[in-house]
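Because the structure is predicted, anything quoted here is derived from the model rather than measured.
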Amino acid sequence: MPDTQQENAKNLKTLGLKATGPRLKILEIFQERAKAGEDRHLSAEEVYKELVNTGEDVGLATVYRVLAQFASAGILTRRNFEHGTAVFELDDGHHHDHLICVMCGKVVEFVDEEVEKRQAEVAKQHGYELVDHSMALYGVCPECQKHKAEKREI
């Protein structure tokens, strides 16, 4: 078993989860995407397709169950963006907000200290003690804007 898999197995056991093949493989998918700088937000169906494409024999119900367990254990964060499908991302402990394309569903993560400061100020103005927040901005990504413009030219 490679070092990363051994470490993942140990971490899962520490969280009270058995280190099964599907759990290890699903965790690896999220870790590899984060490491490669690829889109870190995956639906259960996308995880399932990736597993099938790599020859894993796992059912969609198992994927849903593992994702829910990982979210409960704090390994993954579940996000419900406007497009209606829940997506999951590796919880690395760093806060960030999201830009979501309403046409293709692309998700971009960003951190803006001025936005964070202003949110804290607004909460304080209203007498709230801010404990957490989630911000998602919806728009049309540059690729979809370009595609829309090309369609208009035709």
Stepwise side-chain contact (heavy atoms from CB on, under 4.5 Å) test for His98 and Glu109: CA-CA 5 Å; His98 299 91; Glu109 297 175 357; 4.0 Å; yes

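Without hydrogens or angle criteria, Arg78 side chain to Ala86 main chain gives no donor-acceptor distance under 3.5 Å. Between the side chain of Arg79 and the backbone N or O of Glu89 there is no donor-acceptor pair closer than 3.5 Å.
Taking every heavy atom of both residues into account, Leu24 and Ala19 meet most closely at CD1-O, 3.8 Å. The minimum heavy-atom distance between Leu51 and Thr54, with the atom names listed, is O-OG1, 2.9 Å. Taking all atoms of both residues into account, the shortest heavy-atom contact from Cys144 to Cys101 is SG-SG, 3.7 Å. In this structure, Ala44 and Val63 approach most closely via the heavy-atom pair O-CG1, 3.5 Å. A pairwise comparison of heavy atoms in Leu67 and Ile26 identifies CD2-CG2, 4.0 Å as the closest pair. Residues Leu130 and Ala120 come closest through the heavy atom pair CD2-CA, 4.2 Å.
Each of Gln69, Glu7, Arg23 was scored for a side-chain contact (heavy atoms from CB on, under 4.5 Å) with Leu12, with one residue passing: Arg23. The one candidate from Asn8, Asn11, Leu17, Val66 that meets the side-chain contact (heavy atoms from CB on, under 4.5 Å) condition with Ile75 is Leu17. Remark: of the listed residues Gln119, His126, Lys124, His126 is the sole one forming a side-chain contact (heavy atoms from CB on, under 4.5 Å) with Val122.
Contact annotation: the side chain of Val107 never approaches that of Val87 to less than 4.5 Å [non-hydrogen atoms, C-beta and beyond]. Taking the side chain as every heavy atom from C-beta outward, Leu90 and Leu76 approach each other to under 4.5 Å. Side-chain contact between Phe30 and Asp91 is absent, with no heavy-atom pair separated by less than 4.5 Å. A heavy-atom distance below 4.5 Å is found between the side chains of His147 and Lys151. Under the 4.5 Å side-chain criterion, counting only non-hydrogen atoms from C-beta, Glu56 is not in contact with Glu50. You'll find the side chain of Val111 stays beyond 4.5 Å of the side chain of His94, heavy atoms only. Between Glu143 and Lys146 the shortest side-chain heavy-atom distance does not fall below 4.5 Å.
For the atom pair CE of Met103 and NZ of Lys148, the computed distance is 5.5 Å after rounding to the nearest 0.5 Å. Between the NZ atom of Lys35 and the CZ atom of Arg40 there is a distance of 14.5 Å, given to the nearest 0.5 Å. From His41, atom NE2 reaches atom CZ of Arg33 across 11.0 Å, with rounding to the nearest 0.5 Å. Atom-to-atom distance recorded for Asp97:CG and Ser134:OG is 7.0 Å, nearest 0.5 angstrom. Atoms OH and CG, on Tyr48 and Asn53 in that order, are 10.0 Å from each other to the nearest 0.5 Å.
With side-chain heavy atoms closer than 4.5 Å counting as contact, directly or through intermediates, the hydrophobic cluster containing Val115 also holds Leu99, Val108, Phe110, Met135, Leu137.
Remark: Lys49 does not engage Glu46 in a salt bridge, criterion side-chain N to carboxylate O under 4.0 Å.
A chain of hydrophobic side-chain contacts below 4.5 Å, direct or via other Ile, Leu, Val, Met, Phe, Trp or Tyr residues, connects Tyr138 to Val140.
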